[in-house]
Amino acid sequence: MLIAVDRDDPNSSWDATDSLAELAALASTAGAEVVGTAIQRLDKPDNATYLGKGRARQAADEAKALGVTLIIADDELSPSQQRQLEEVMECRVLDRTALILDIFAQHARTREGQLQVELAQNEYRLPRLAGSSEHLSRLGGGSRGAAGVGGAIGARGPGETKLEIDRRRVRARIAQLKRELEEVRAHRTRQRQLRMGQALPVVAVVGYTNAGKSTLFNALTASAVLVEDKLFATLDPTTRHLILPSKQEVLLTDTVGFIQKLPTALVAAFRATLEEVREADILLEVVDINHENAVEQSETVQQVLGELGAGDKPRLTALNKVDLLDDPAEADRSLFPNAVPISALRQEGFAELMDVLGRIVAETMEPVQVQIPFERGDLVELFHRRGRIREETHLANGTYIDGFLPPQLSGIFAPYAATVVSEA
């Protein structure tokens, strides 16, 4: 059963019904079957039982009648709220954060992803280790047996052994995970520096979870990143080389999807991965234009990008899944920056998308005029591959080029700077 508090939040454009619909999708992705919901209108969640004692008891009766084995709250619960709700409901209670962490635990495939998820899980559960052993048994309980698959949600990964781990050992494990992730972060930094040495603009594919980022990424780069109709199918970033129709070369990076009420612990744990977004030159946001909350989802993406310090980067918006609209012309471009309607699945709209991306890439470059000696043909070839040429003239002593280059290459071409075409 899903439970939520419906309150007026000036910082959110989501209503409780839409948020619960998303929570149901998250629960389904984790392997649970949703059989009921309970919503309570309050100014703010009750400090004791989240819903308020009366509504919580009513929800408990409904849950018993439905044979519910797991309650999932749409907000992050305090340890006290979770304990008191479990006493009223007489079954396990999880919150949105624990549910998202569980999905991440299922989908983390690389060592880096597994480290990040385990760190987030341990930091989330550390304050929840307090309490009686009987309560901890309920928290860590649940199996794939009589309780069904829903009983295991929130107990994957380190949760399976939490009953034997005390606070000191959990803190030690957190410290170890942070050390290992710092090594990952240093490795990622070195990788980015190597890419910068190649002077290739980096385009990060961002967007709400399940908007179609990986489908678009695969179609553009002929890759095989996992694509599933599930939330958070992609956790580990993948980078591929892409040549635009203008002959410009870029690096395209597929990233983890965002979601409303993204757990703080998750953002902190995935710092190394999310740096790929912060360090990118351009953002390619993918929006599921067919979704009834497309605008709200995009606003959530903008909010997270702002928190990461990437909110002001040049951006292109792919309005995806127009093939599901009755009329593709319904896709309103005016609501999004540099919007292009596409269908990643059918590979429609790609020509315009790449043209606009090429224009934005060019806008991030610096104008230069150079006269390159014939013996440095390698630099002419590099200009063709990395830059955008406006004019090219073959002179007696070399090749004159007027065009645009990534800022990272300015030092290489500085010795050959020219302002006018000259035969001298």
Side-chain angles (χ1 to χ4, degrees), residues 1-7 16 19-20 23-24 26-27 30-32 34 36-40 42 44-64 66 68-105 117-118 120-143 147 150-167 170-171 174 260-266 269:
M1 174 181 276
L2 310 180
I3 61 174
V5 169
D6 184 9
R7 60 189 183 275
S19 191
L20 269 187
L23 188 66
L26 287 167
V34 178
T37 60
I39 300 177
Q40 177 63 19
L42 294 171
K44 63 177 182 178
D46 182 73
N47 289 331
T49 59
Y50 181 62
L51 294 177
K53 187 171 293 185
R55 186 66 179 100
R57 286 174 177 167
Q58 183 183 4
D61 292 338
E62 296 169 3
K64 285 182 182 179
L66 293 168
V68 167
T69 59
L70 178 67
I71 304 292
I72 304 176
D74 193 35
D75 294 286
E76 184 167 324
L77 301 174
S78 69
S80 174
Q81 285 175 319
Q82 188 171 359
R83 285 194 297 271
Q84 294 191 58
L85 264 176
E86 287 188 329
E87 291 173 1
V88 174
M89 297 291 185
E90 297 183 2
C91 67
R92 293 182 66 234
V93 174
L94 295 181
D95 59 18
R96 174 183 272 259
T97 298
L99 179 61
I100 292 175
L101 290 173
D102 186 89
I103 294 171
F104 272 52
V117 171
E118 187 180 350
Q121 286 181 315
N122 276 294
E123 290 187 327
Y124 169 78
R125 289 172 179 167
L126 180 60
R128 290 164 173 79
L129 289 176
S132 68
S133 58
E134 182 179 343
H135 174 69
L136 285 175
S137 177
R138 291 200 303 273
L139 273 181
S143 68
I153 295 174
R156 292 181 175 87
E160 296 170 357
T161 58
K162 270 296 181 291
L163 300 182
E164 298 85 37
I165 300 177
D166 59 16
R167 283 178 168 273
V170 173
R171 288 195 182 100
I174 287 173
Q260 62 150 338
K261 303 177 184 177
L262 190 66
T264 303
L266 207 56

message: Looking only at the side chains, is there a donor atom on one of S80 and Q84 sitting less than 3.5 Å from an acceptor on the other?
response: yes
- prompt: Under the side-chain contact (heavy atoms from CB on, under 4.5 Å) criterion, do M1 and L66 qualify, and how do the steps go?
  reply: CA-CA 9 Å; M1 174 181 276; L66 293 168; 4.0 Å; yes
query: Between A59 and A38, which heavy-atom pair has the shortest distance, and what is it?
result: CB-CB, 4.1 Å
Derivation and outcome, side-chain contact (heavy atoms from CB on, under 4.5 Å), residues C91 and L70: CA-CA 6 Å; C91 67; L70 178 67; over 6 Å; no
task: Assess whether side-chain contact (heavy atoms from CB on, under 4.5 Å) is satisfied between L42 and D6, documenting all intermediate values.
output: CA-CA 6 Å; L42 294 171; D6 184 9; over 6 Å; no
task: Indicate yes or no: does D75 engage K44 in a salt bridge with an N to O separation below 4.0 Å.
output: no
Pairwise distance CZ(R167) to CD1(I174) - rounded to 0.5 angstrom: 10.0 Å
Nearest-0.5 Å distance that lies between atom CG in L77 and atom CZ in R83: 11.5 Å
- prompt: Quick check: does any side chain N or O of D102 sit under 3.5 Å from a backbone N or O of A98, one acting as donor and the other as acceptor?
  reply: no
Any Y50 side-chain heavy atom under 4.5 Å of I71 side chain: no
message: With a 4.5 Å cut-off on side-chain heavy atoms, are L20 and I39 touching?
response: yes
- request: Drop me the distance from N47's CG to S78's OG, to the nearest 0.5 angstrom.
  value: 7.5 Å
- prompt: Looking only at heavy atoms, what is the nearest atom pair of M89 and A56, with distance?
  reply: CE-O, 3.7 Å
- prompt: Can D46 and K53 be said to form a salt bridge (charged side-chain N to carboxylate O under 4.0 Å, His left out), step by step?
  reply: CA-CA 8 Å; D46 182 73; K53 187 171 293 185; over 6 Å; no
- prompt: Are any of the side-chain heavy atoms of R96 and I72 separated by less than 4.5 Å?
  reply: no
message: Has K261 got a side-chain atom pairing as donor or acceptor with T97's backbone, closer than 3.5 angstrom?
response: no
message: What I'd like to find out is whether the side chain of L23 reaches to under 4.5 Å of the side chain of L99, using heavy atoms alone.
response: yes
- prompt: Got a second to check how far T49's OG1 is from Q40's CD, nearest 0.5 Å?
  reply: 9.5 Å
Under the side chain to side chain donor-acceptor pair (under 3.5 Å) test, residues paired with K64 that sit two or more places apart: E90
query: Do E76 and D95 pass the side-chain contact (heavy atoms from CB on, under 4.5 Å) test, and can you show the C-alpha distance, the side-chain angles, and the key distance before you say yes or no?
result: CA-CA 5 Å; E76 184 167 324; D95 59 18; 3.5 Å; yes
message: Can you confirm whether I103 sits close enough to L26 that some side-chain heavy atom of one is under 4.5 Å from a side-chain heavy atom of the other?
response: yes
- prompt: Stepwise, does the salt bridge (charged side-chain N to carboxylate O under 4.0 Å, His left out) test hold for E62 with R55?
  reply: CA-CA 10 Å; E62 296 169 3; R55 186 66 179 100; 3.6 Å; yes
- prompt: In Å and rounded to the nearest 0.5 Å, what is the CG to CG distance from L51 to L85?
  reply: 6.5 Å
- prompt: How many angstroms lie between CD in E123 and CZ in R171, if you round to the nearest 0.5 Å?
  reply: 11.5 Å
